[in-house]
Number of protein chains: 2
Amino acid sequence: MNTTGLDGFSLLDETWRAVTPDAARRMLIAAVQAFADKGYHATTTRDIASLAGMSPAAVYIHYRSKEELLFNISLVGHETSLALLSSIQGDGAVQRLRNAVATFAGWHAEFHTTARVVQYELGALSPEHHAEVAELRRQIEQRMRSYIADGVEEGVFDVPDLKGATLAVLSLCIDVARWYQPSGKRTPDEIGAMYADLVLRMVRPT
Amino acid sequence: MNTTGLDGFSLLDETWRAVTPDAARRMLIAAVQAFADKGYHATTTRDIASLAGMSPAAVYIHYRSKEELLFNISLVGHETSLALLSSIQGDGAVQRLRNAVATFAGWHAEFHTTARVVQYELGALSPEHHAEVAELRRQIEQRMRSYIADGVEEGVFDVPDLKGATLAVLSLCIDVARWYQPSGKRTPDEIGAMYADLVLRMVRPT
DNA sequence: CTTAGCTCTAAGCAACCGCTTAGTATGGAG
DNA sequence: CTCCATACTAAGCGGTTGCTTAGAGCTAAG
């Protein structure tokens, strides 16, 4: 019998494995699910606590406020996706951009629950916390831009507007978190591969 | 002196011109601004009323509930963007897809306030209202797909996965509402033109 | 065993929420 | 003028919100 309302095993565990103690992690995972499902403002601290199988007051043992829960999710989520994007390898700019887009888009599908909170609940962060996360977002953009710029320098990409193309590529990947449904036909890997193809078509020379 | 908190002239007026009486329209425009700014759930009926320069109770003279305000916005917003996408003209599939993407992406920039509510607050609609709007969204997808399919039939596009490509194109345009800022360098028209270029690159034959 | 410290719950507080009610001002019809 | 419908406000109701308080249960060091 599962009294927490959370699956016994979840992909979310992978992202939040480092969070301790156990109850704090369960609370965080419950918050991710609730925020992703209904949005930050529509989620009550009672929702989170009951998803985690605890009393409403238990939230405040591990977190100062509901907003701090969101900040923790947002911070770890951004750090994870930046780390993922920074670890891209491949032989030549074409391979690297292919891997970058496949990985980044695929992450937004596979971890769409986390990604939804990361991408669409930024506005609920306090100004200080928002600024901290914004810096990570700038680094993510810079990484993606450098993968495209590399191909331009190598002469294998034709990109009239580097900043605009970067924006479009990131936008494409990020929006996966909005429309992706696990019940859909495509797997996260297939979405990643398809998007990598589409992006390479966008930047290939005439 | 402006006591309503709304600009004397606003692009929003264009979309909501048909809404009467005057107070009902002002209330609706105030709701669009508040919902776009903070999200549906973070907006109180007092916020809306005070933006419209009226008392909290005045909301309920013209609308049954806060959700009905959202539904009105969502319905008119979807109908407007569907009408826009349906009116696309052009000589040949290349021109038509170019116009379609430029128009649709441009609308999401120019009317980003409305578009944000339309695209990101669907989840706050009642099940009945959501179903009604979902039908319009299906028609929008079908329109965009047909513009791409036309080019495939004409033999001027190379699209391995029609449904996937349609999804990506719509996704690209819709996400403009998330990142667009009027203070940015690009005008809505420039964004539309750039996106039309990127999309045509995506579907052009090798 | 005692005791300190951590984790948790039951109960509840002040503030705020969506929405309603009672009543006022206005303007046009008869 | 009276009468009535419409559009609005002041006040407030019941319920919910984020968060706090007081205290219980458990663990482990001394």
- prompt: Of A/Arg46 and A/Ser55, whose nearest nucleotide on DNA chain C comes first from the 5' end?
  reply: A/Ser55

- request: Round to the nearest Å and state the distance from A/Arg25 atom CZ to C/dT7 atom P.
  value: 14 Å

message: Distance check needed: C/dC19 P versus B/Lys66 NZ, whole Å only.
response: 8 Å

Among C/dC17, D/dG18, D/dC8, the one nearest B/His62 by side-chain distance: D/dC8

message: Starting the side chain at C-beta, find the nucleotide from D/dG18, C/dC19, C/dC8 nearest to A/Ile61.
response: C/dC8

query: Measuring from A/Ser146:OG to A/Glu141:CD, what's the distance to the nearest 0.5 Å?
result: 11.0 Å

- request: Side chain of B/Thr45 only, please: which of C/dG18, D/dT20, D/dC8 is the nearest?
  value: C/dG18

- request: Provide, to the nearest angstrom, the distance between the CE atom belonging to B/Met54 and the C1' atom belonging to D/dT9.
  value: 10 Å

query: Between atom NE2 in B/His41 and atom C1' in D/dT16, what is the gap in whole Å?
result: 14 Å

- request: Report the distance from atom CE of B/Met27 to atom C1' of D/dT9, rounded to the nearest whole Å.
  value: 12 Å

- prompt: How long is the line joining CG of B/Leu70 and P of C/dC19, in whole Å?
  reply: 12 Å

Polar side-chain atom of A/Tyr40 near backbone of A/Glu67 as donor-acceptor pair, under 3.5 Å: yes

task: Measure from the side-chain heavy atoms of B/Ala57 and tell me the nearest of D/dA7, C/dT21, C/dC17.
output: C/dT21

- line: Between B/Ala58 and A/Pro56, whichever has its closest DNA chain D nucleotide further toward 5' is B/Ala58

query: B/Asp47 CG to C/dC16 C1': how many Å, rounded?
result: 11 Å

- prompt: B/His130 side chain to B/Pro127 main-chain N or O, any donor-acceptor pair under 3.5 Å?
  reply: no

- line: When rounded to the nearest 0.5 Å, the distance separating CG of B/Asp175 from CG of A/Leu172 is 8.5 Å

message: Just the rounded figure in Å: distance from C1' of D/dT17 to OH of A/Tyr40.
response: 12 Å

message: Heavy atoms from C-beta onward define the side chain here; which of C/dC19, C/dT21, C/dT9 lies closest to that of B/Ser65?
response: C/dC19

message: Nearest 0.5 angstrom please: B/Thr114 OG1 to B/His78 NE2, how far?
response: 12.0 Å

message: Checking contacts here: which listed nucleotide (D/dG18, C/dT9, C/dT20) is nearest the side-chain heavy atoms of B/Tyr60?
response: C/dT20

